[in-house]
Amino acid sequence: MRDSIPIALGYLAVSFSLGIIAANAGLTSGQSFWTSFFCMASAGEYIGFSLIAVEATYAEVALMTLIANARYMLMSVAWSQRTSSKTSLLHRAIMALDLTDELFAIAIARKGKLNPWYSYGAAIFPVLCWAGGTALGCIAGDVLPKNIVSALSVALYGMFIAIIIPPAKEDRVILWLVVGSFAMSFAAKYLPYVCEISNGTRIILLTIIISSVAAIVRPQKGEKEEEA
């Protein structure tokens, strides 16, 4: 819970703008709260609220949110490799429910096998702040000036920097991978043909390429399970 307090504060600020979008789509504060409670995904929720606003079909909403959240499949693969084979299916399902970029980062950075109870404790504050921030944004977001609402979203980028800097300082390979990620992301935005691909698809492709390079340069040996 202690490790996730900065994440929770960032979520509270960032989810505020989602609440404004939810209100514009016709959702109530209660509906926006439960949507964020069960779907902690900024891009997925943004697309979902936007499609609801234009009265899209259920199938369209399901397909678009699946594409927007496809990166979580990659994180789940990495997460499953660090989870003990003794972890029950129920624990795995609950852990996956609150899998976000930031919660993934602090959990995967810990040594040894992933502990379900660490994931549960880390998720409590962020879940409540994400859902609560969306509801508050739905209620009061329209009152705030647009420049203030826009400035709140910067908190998320600061949070990402706080997550990647410590391991990058300790491991030179991670440092160069971080630098390479920034450079490739910037280049992909302006390269011919590549720039025409959607942001979500570019993120998925870059993740696969960069993680593949990392696996080749610094392969991780599998950890032996502790005998009961």
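Residue S32 comes nearest to C138 through the heavy atom pair OG-CB, 3.7 Å, listed as atom of the first residue, atom of the second, then distance. Residues M40 and E45 come closest through the heavy atom pair CA-OE2, 4.0 Å.
F37 and W34 have perpendicular rings, their planes meeting at more than 60° on a 0 to 90° scale where under 30° would count as parallel.
With contacts defined as side-chain heavy-atom distances shorter than 4.5 Å, the pair M73/L66 qualifies. Between D3 and R110 there is a side-chain heavy-atom pair separated by less than 4.5 Å. At least one side-chain heavy atom of P116 sits under 4.5 Å from a side-chain heavy atom of T87. With contacts defined as side-chain heavy-atom distances shorter than 4.5 Å, the pair Y120/H91 qualifies.
Note that the OG1 atom of T65 and the CG atom of L51 stand 8.0 Å from one another [nearest 0.5 Å]. The structure places CG of N69 at 5.5 Å from SG of C39, a figure rounded to the nearest 0.5 Å. Here the CE atom belonging to M75 is positioned 3.5 Å from the CG atom belonging to D101, to the nearest 0.5 angstrom. Distance CG/L177 to CE/M184: 10.5 Å, rounded to 0.5 Å.
Here the side chain of S80 pairs a donor or acceptor atom with the backbone of V77 at under 3.5 angstrom. In this structure a side-chain-to-backbone donor-acceptor pair under 3.5 Å is present from T134 to W130. With S15 contributing its side chain and L18 its backbone, the two residues share no donor-acceptor pair below 3.5 Å. Checking side-chain atoms of S4 against main-chain N and O of I7 turns up no donor-acceptor pair under 3.5 Å.
Crowding of Y46 atom OH: a count of heavy atoms from other residues, nucleotides or ligands under 6.0 Å not exceeding 12.
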Carefully, step by step, assess T83 and K113 under the rule side chain to side chain contact (heavy atoms under 4.5 Å, CB included). CA-CA 5 Å; T83 303; K113 295 296 181 181; over 6 Å; no
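Two rings, from Y190 and F186, have their centers less than 6.0 Å apart.
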